[in-house]
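Sequential numbering from 1 along the given sequence is applied to the chain's residues.
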Amino acid sequence: MSTETAPAAERAAAPPPAVWAEARSRVYAAGLAAALPSAARPLAGTDGLTLAEPLTTRTDLPAFPTSSVDGWAVRGAGPWRVVGRVLAGGTPPPLTEDGTTVEIATGAMVPEGSTAVLRVEESDRTPDGRVTGTPRPTPEWREPGEEAYAGEELLPAGTPVDPAVIGLAASCGHDTLPVRRAPRAALLVFGDELLTAGPPAAGRVRDALGPALPAWLRRYGCEVRPSDVIGPVEDTLPAHVAALRAALTDADLVCTTGGTMHGPVDHLHPALAEVGADYVVNTVAVRPGFPMLLARLTGPDGRPRFVAGLPGNPQSAIVALVSLVAPLLAGLQGRSMPTLPHATLAEPVPGRGDYTHLALVRLDRVAGTAHPVRHVGSAMLRGLAGADGFAVIAPGVTGEPGSRVPVVPLPLLTGERPS
């Protein structure tokens, strides 16, 4: 195990930490500049991906007048002589004579020449079989283009695809959608002190990030394969460099845990230099999670690759995930910069001096309030397990009860949409 520390000159030359909000903007811009390529995919394979082009409709919606009720399509004044029947999926002949009607089903095409649709429950029959009743003054059918006109943009590029979007695309006549592929992510876990099974003992702690981070990344839209999770990686510079190079072959984003400082076995910075990476962000003025970073390099295919250095302390690593990785992935997927919701603090939250404080909170969505949780040390995960996100306390202030503050939400379950 190497015991070399970073030279004093290197430590002295370290840049000041980036302001938290600026760091987020910077990594989002880097991701957007490297937005992933797109391809047309069948509708069934687009859930969770991102529209690469605006969604437009290929025809008027509806494409033809459709009855909104079961009843009678009539022409002129009644009583009406029944001359036919039209069901959904058929093309009826026009009604050409006043005093005639066809039975019509909900969703069926309204015959040309119809002047009204009479609801079946509001109709009656004469002894000779003719239909009587009074149609309502408002037409009981949907006009072509009522929902959208042919060529109209319904959703912009950058919209996440979910089941509702898939259904809308199908109703517009699309069989495929142009979408950006999912970012592929890999995880390198650093730390000789980590155990991968059983309880902590004898100076070694259980690795909590190796099992958890892939699930977080998937919730942000990443593809993470079991073979993409490597570690613990031996605490030597050659092992770090080799692991990085191997992961960067296929991954768009490599997340690492630990090694973001300049301690005796922190090899991430020299490993990044060895593979030719440049910093997008190197440390952020945020607590917890200060020694986070994002670096960029060119992959073997000529496309940018990214390395997100997450601190080894578990909660700090999640702070880095929501601070840097989430906006980077939004950019890579061609989505908008995540907009932070706001909530009212129900209890005081301390500030962190010149640093932004990300404080774990539980949200009462009915009341619109944020409640700080307990067990929020950098090395703790108990508070995180009961939280909905992080309240953002700006530098130089304290979060007072009643204050409206931004909240960085934790990613929801796959497929779940915010309320």
Distance (rounded to the nearest 0.5 Å) between Tyr220 OH and Arg335 CZ: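 One gets 12.0 Å once the value is rounded to the nearest 0.5 Å.
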Euclidean distance, Thr236 OG1 relative to Phe190 CZ, rounded to 0.5 Å: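 Going from the CZ atom of Phe190 to the OG1 atom of Thr236 covers 10.0 Å.
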Considering only heavy atoms from C-beta outward, does the side chain of [X] approach that of [Y] to under 4.5 Å?
X: Val120; Y: Val69; result: no
X: Leu51; Y: Pro156; result: no
X: Thr115; Y: Leu95; result: no
X: Leu310; Y: Val325; result: yes
X: His269; Y: Asn282; result: yes
X: Leu358; Y: Val322; result: yes
X: Ile393; Y: Thr398; result: no
X: Arg245; Y: Glu274; result: yes

If you take all heavy atoms of [X] and [Y], which pair is closest and at what distance?
X: Trp141; Y: Ser67; answer: CB-CA, 4.0 Å
X: Val405; Y: Ala391; answer: CG2-CB, 4.1 Å
X: Ala88; Y: Ala108; answer: N-CB, 3.6 Å
X: Pro93; Y: Pro111; answer: O-CB, 3.5 Å
X: Gly276; Y: Leu297; answer: O-CB, 4.0 Å
X: Gly289; Y: Met292; answer: O-CE, 2.9 Å

Would you say [X]'s side chain and [Y]'s backbone share a donor-acceptor pair under 3.5 angstrom?
X: Arg142; Y: Ser68; value: no
X: His357; Y: Pro350; value: yes
X: Thr50; Y: Arg180; value: no
X: His371; Y: Leu345; value: no
X: His174; Y: Ala170; value: no
X: Asp70; Y: Thr106; value: yes
X: Asn313; Y: Gln315; value: no
X: Ser323; Y: Ala320; value: no
X: Asp60; Y: Pro144; value: no
X: Thr57; Y: Thr59; value: yes

Option passing side-chain contact (heavy atoms from CB on, under 4.5 Å) with Val165 (candidates Leu154, Leu43, Leu155, Thr46):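 Option passing the side-chain contact (heavy atoms from CB on, under 4.5 Å) with Val165: Leu155.
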Could you tell me whether [X] atom [atom1] has more than 12 heavy atoms of other residues or ligands within 6.0 Å of it?
X: Met337; atom1: CE; value: yes
X: Glu112; atom1: CD; value: no
X: Asp354; atom1: CG; value: no
X: Arg404; atom1: CZ; value: yes

Trace of the salt bridge (Lys or Arg N to Asp or Glu O under 4.0 Å) decision for Asp250 with Arg225: CA-CA 11 Å; Asp250 297 314; Arg225 303 174 187 177; over 6 Å; no
Ring-face cation of Arg287 near Phe290 (centre distance under 6.0 Å, axis angle within 45°):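 Yes, Arg287 and Phe290 form such a contact.
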Criterion side-chain hydrogen bond (donor to acceptor under 3.5 Å, both in side chains) on Trp72 and Thr101, from CA distance to verdict: CA-CA 6 Å; Trp72 305 93; Thr101 184; over 6 Å; no
Pairs flagged by salt bridge (charged side-chain N to carboxylate O under 4.0 Å, His left out) wherever residues 304-317 is involved - sequence neighbours left out: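 For residues 304-317, and leaving out neighbouring residues, the salt bridge (charged side-chain N to carboxylate O under 4.0 Å, His left out) pairs sorted by first residue read Asp301-Arg305.
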